[in-house]
S.K.: 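First the structure, then my questions, so here it is.
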Amino acid sequence: MRTLLFLLRKEFRQIFRNVTILRMILLMPVMQLLILPNAANFEVKNITVCIVDHDHSVGSQRLVTSITASGYFKLALATPSYRDAMQLIEADKADLILEIPNGFDRNLVRDNKQTLFIAVNAINGVKANLGAAYLNTIITQYNAQLRTQWIQPTRFGPVSQIEISALNKFNPYLNYKVYMVPGIMAFLVTMVAAYLSALNIVKEKESGTIEQINVTPIRKYQFILGKLIPFWVLGLVVFTIGLLVMRFVYGIVPEGSVFLLYGFAVVYIFSVLGMGLLVSTYAETQQQAMFVAFFFIMIFIMLGGLFTSIDSMPAWAQVITRFNPVRYFIEVMRMVVIRGSTFDDIKMHFLAVIGMGIVLNGWAVLNYRKTS
Amino acid sequence: MHDVVIRTQELSKHFGAFVAVDKISFDVPAGEIFGFLGANGAGKTTAMRMLSGLSRPTSGAATVAGFDVFTQPEEIKRTIGYMSQKFSLYEDLTVRENITFFGGIYGLSDSAIKEKSDLLIEQLGLQGEVKKLVGSLPLGWKQKLAFSVAMIHDPKIVFLDEPTGGVDPLTRRQFWELIYAAADRGVTIFVTTHYMDEAEYCHRVSIMVDGAIKALDTPRDLKQTYQAPTMDAVFYHLARGAQRSAD
């Protein structure tokens with residue numbers, strides 16, 4: 001026990017003496033949490049639409065206004081012909097073409113019917129699909145407006161209509177930040193815990209101090225705990241900073257218990273530290289440790305559900321994600337923060353992460369040898 | 001005659017097909033300064049690492065302070081001091097913090113640590129540098145400090161792996177004064193070196209060539225046996241036949 005205290009005192013002294021790393025630990029989460037959620041979201045905006053208006057009527061103008069007013073579209077240079085518009089698409093200066101035929105307004109009034117033409121630049125598939133869908137919705141709405149203006153309400157509508165009313169549960173305004181911030185916090189805690197712990201022991205290997213430690217009667221578990229606890233504390237500090245930024249910058253108040261979040265973070269950091277330690281027992285230089293840790297963290301983040309929803313991954317990839325601790329933390333963060341889940345809802349997550357923690361740490365302890 | 005504190009019998013270490021240490025056998029009595037000479041790559045460090053419980057021998061037998069190197073490496077670690085070739089104190093801790101840390105993990109009491117640190121700092125003349133980071137000290141001072149830290153728990157045996165490499169002659173002399181002082185207290189010193197003048201300071205010297213011990217005697221008897229005027233000539237005579245290239 002006393003030995004452990006000496007180890008901890010030494011580790012904390014070294015951490016506090018390394019001002020650069022300390023600053024990184026404190027500033028990195030704040031910077032990332034301020035930048036990422038605002039930049040990296042799934043909303044498709046700024047779709048450039050090129051409108052070829054052959055009609056130049058009041059009706060076509062009103063349609064164009066309602067398209068620009070939606071906020072999703074930007075108008076490209078107006079072109080007189082479809083061919084000119086195609087050139088814009090080929091130059092990647094436009095994503096969509098909407099062609100309004102000559103006599104659009106007149107025919108709509110007279111024949112009660114009109115055809116519009118949409119061409120989509122499908123290089124960026126998501127943008128193209130969503131853009132076309134948004135445009136469709138806007139045109140349908142425009143159409144519905146016209147109908148209510150022209151057709152006197154009768155007792156029985158000429159066409160029976162099914163109106164769908166949707167309710168967005170848990171995140172009523174579809175605010176992507178509410179979805180992204182908790183996920184990014186999980187990612188930050190992972191980075192700090194896994195990298196710092198992996199590099200720390202390897203640094204001692206490089207400087208030769210680990211040999212001096214190995215030749216003392218120190219116990220393996222004491223040494224490993226002496227390395228785990230400081231980074232455990234640092235991980236929780238980063239987590240706390242994240243929670244504060246989430247609360248005071250984004251105004252997101254966790255629906256569920258903050259204690260539950262901390263409880264999960266404690267277990268989670270334990271398991272990620274195990275990964276860092278494991279890497280450090282195999283790596284001989286800081287470069288090796290950095291690359292190996294980077295490789296795993298990259299995969300963990302990509303397959304963690306932060307950007308790509310796990311449900312939309314192929315079945316084999318979904319199997320991989322079950323062995324990815326980051327996935328569980330991101331899920332728990334979103335469940336507890338957004339949905340207000342309780343311990344009962346996330347107990348399987350607890351089990352999975354504890355299991356991985358035991359395996360990774362156990363492996364690291366076995367693989368760390370005082371006598372080679 | 002003193003008790004034997006280090007005894008090896010045909011101790012070997014193989015790394016795959018490479019035989020780093022080839023069946024070495026010797027005894028070291030308590031209180032002796034035992035010099036371990038050899039060219040780079042001769043297997044000195046490997047032999048020393050086996051004896052200090054850092055590396056598991058492949059075959060043979062050895063006891064250090066009565067403990068078996070195969071089964072009791074942790075007991076050995078409790079009774080020995082070790083100073084590696086690479087400087088190995090924490091450069092980002094101060095002089096006193098390093099002493100305190102190593103004292104602490106050897107299980108010294110707080111008062112003993114305090115007493116030891118004050119004594120060490122005074123002996124080494126580091127009073128003015130107590131609060132400096134070890135990384136900022138000149139190499140010679142670092143080495144003397146590392147030696148003193150390796151001795152902090154009053155070990156019976158201390159292993160020194162090229163302790164004076166890269167150090168100026170004056171500091172080397174001071175270093176050897178520290179070694180003599182320790183030997184006078186009854187500590188057994190096991191030291192590797194490249195400097196032949198240092199070999200003359202040892203009570204007995206063994207010369208390793210290609211993993212095996214080629215000669216083992218007092219410096220005076222070695223010079224006589226090989227009809228050489230200096231240890232330098234003895235070493236040259238023996239190491240000339242080495243097959244391994246220095247690494």
Side-chain angles (χ1 to χ4, degrees), chain A residues 1-25 196 199-230 281 284-286 365-372, chain B residues 13 15 45-46 48-57 64 67 69-94 96-110 113 133-135 146 149-150 152-153 155 158-159 161:
Chain A
M1 198 52 214
R2 208 164 148 268
T3 311
L4 187 57
L5 285 179
F6 275 99
L7 277 167
L8 290 177
R9 193 156 69 179
K10 167 207 154 240
E11 291 297 335
F12 277 114
R13 272 194 179 129
Q14 289 181 305
I15 290 168
F16 283 116
R17 210 153 274 168
N18 196 337
V19 184
T20 319
I21 289 281
L22 201 62
R23 237 182 253 148
M24 283 285 290
I25 293 170
L196 291 182
L199 290 183
N200 185 281
I201 295 187
V202 181
K203 189 177 154 213
E204 292 222 18
K205 278 191 188 173
E206 280 186 346
S207 67
T209 46
I210 199 156
E211 180 128 309
Q212 203 63 44
I213 295 281
N214 285 345
V215 83
T216 68
I218 201 168
R219 299 290 181 85
K220 257 161 73 162
Y221 81 88
Q222 292 171 328
F223 180 73
I224 297 267
L225 274 182
K227 291 290 180 193
L228 272 178
I229 294 171
T281 60
E284 289 301 324
T285 64
Q286 295 193 57
V365 171
L366 282 181
N367 201 46
Y368 165 57
R369 294 195 188 286
K370 285 186 68 190
T371 303
S372 57
Chain B
K13 176 83 183 186
F15 293 107
T45 301
T46 310
M48 186 176 272
R49 284 171 52 86
M50 284 193 284
L51 293 176
S52 30
L54 282 171
S55 176
R56 225 181 135 74
V64 174
F67 298 113
V69 291
F70 285 94
T71 55
Q72 298 168 297
E74 295 304 306
E75 283 81 355
I76 290 175
K77 287 171 185 174
R78 224 181 294 278
T79 46
I80 63 155
Y82 174 85
M83 181 182 162
S84 81
Q85 203 167 1
K86 236 173 163 180
F87 175 73
S88 48
L89 295 179
Y90 289 96
E91 303 229 331
D92 50 356
L93 294 181
T94 67
R96 193 181 277 279
E97 285 165 355
N98 264 295
I99 301 173
T100 310
F101 171 67
F102 282 103
I105 53 177
Y106 276 110
L108 269 58
S109 70
D110 287 337
I113 291 173
L133 296 187
V134 165
V149 169
I152 193 155
H153 54 300
V158 60
F159 292 89
D161 194 0

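Each chain gets a letter, A, B and so on, in the order its sequence line appears, and its residues count up from 1.
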S.K.: Please rank B:Ser52, B:Gly53, B:Gly103, B:Pro73 by heavy-atom pairs under 4.5 Å with chain A and give me the top one.
M.R.: B:Gly53

S.K.: Would you say the side chain of B:Ile105 lies within less than 4.5 Å of the side chain of A:Phe223, judging by non-hydrogen atoms?
M.R.: no

S.K.: Could you tell me the separation between the CD1 atom of B:Ile152 and the OG1 atom of A:Thr216, rounded to the nearest 0.5 Å?
M.R.: 12.5 Å

S.K.: Is there a donor-acceptor pair closer than 3.5 Å between any side-chain N or O of A:Gln212 and the backbone N or O of B:Ala146?
M.R.: no

S.K.: What distance separates B:Phe101 CZ from A:Thr3 OG1, expressed to the nearest 0.5 Å?
M.R.: 9.5 Å

S.K.: Among A:Arg369, A:Arg219, A:Gln222, A:Gln14, which residue forms the greatest number of heavy-atom pairs with chain B at distances under 4.5 Å?
M.R.: A:Gln14

S.K.: Quick one: which of B:Ile80, B:Leu54, B:Asn98 has the most heavy-atom pairs under 4.5 Å with chain A, could you say?
M.R.: B:Leu54

S.K.: State, to 0.1 Å, how close B:Ser88 and A:Gly208 come at their nearest heavy-atom pair, and which atoms those are.
M.R.: CB-O, 3.5 Å

S.K.: Side chain, backbone, both or neither: which part of B:Phe102 has a heavy atom under 4.5 Å from chain A?
M.R.: side chain

S.K.: Please find the pair of heavy atoms, one from A:Val215 and one from B:Tyr106, that lie closest to each other, and give the distance.
M.R.: O-OH, 3.8 Å

S.K.: Can you say whether A:Lys220 sits under 4.5 Å from chain B via the side chain, the backbone, both, or neither, judging by heavy atoms?
M.R.: neither

S.K.: Tell me, side chain or backbone of B:Thr79 under 4.5 Å from chain A's heavy atoms, or both, or neither?
M.R.: neither

S.K.: Answer with side chain, backbone, both or neither: which region of B:Leu108 has an atom nearer than 4.5 Å to a non-hydrogen atom of chain A?
M.R.: backbone

S.K.: Please find the pair of heavy atoms, one from A:Arg17 and one from B:Glu97, that lie closest to each other, and give the distance.
M.R.: NH1-OE1, 2.7 Å

S.K.: Do A:Glu204 and B:Tyr90 have side-chain atoms, one donor and one acceptor, less than 3.5 Å apart?
M.R.: yes

S.K.: Determine whether A:Glu211 and B:Ser84 make a side-chain contact, defined as any pair of heavy atoms from C-beta on separated by less than 4.5 Å.
M.R.: yes

S.K.: Work out which heavy atom in A:Lys10 is nearest to a heavy atom in B:Leu93; give both atom names and the distance.
M.R.: CG-CD1, 3.8 Å

S.K.: Is B:Lys77 close to A:Ile218 at the side-chain level, that is, under 4.5 Å between some pair of heavy atoms?
M.R.: no

S.K.: Measuring heavy-atom distances to chain B, does A:Thr209 have an atom under 4.5 Å in its side chain, in its backbone, in both, or in neither?
M.R.: both

S.K.: Non-hydrogen atoms of chain B under 4.5 Å away: do they reach the side chain of A:Leu5, the backbone, both or neither?
M.R.: neither

S.K.: Side chain from CB out, backbone as N, CA, C, O: work out which of these in B:Ile76 comes under 4.5 Å of a heavy atom of chain A, or both, or neither.
M.R.: neither

S.K.: Does some side-chain heavy atom of A:Arg2 sit less than 4.5 Å from a side-chain heavy atom of B:Asp110?
M.R.: yes

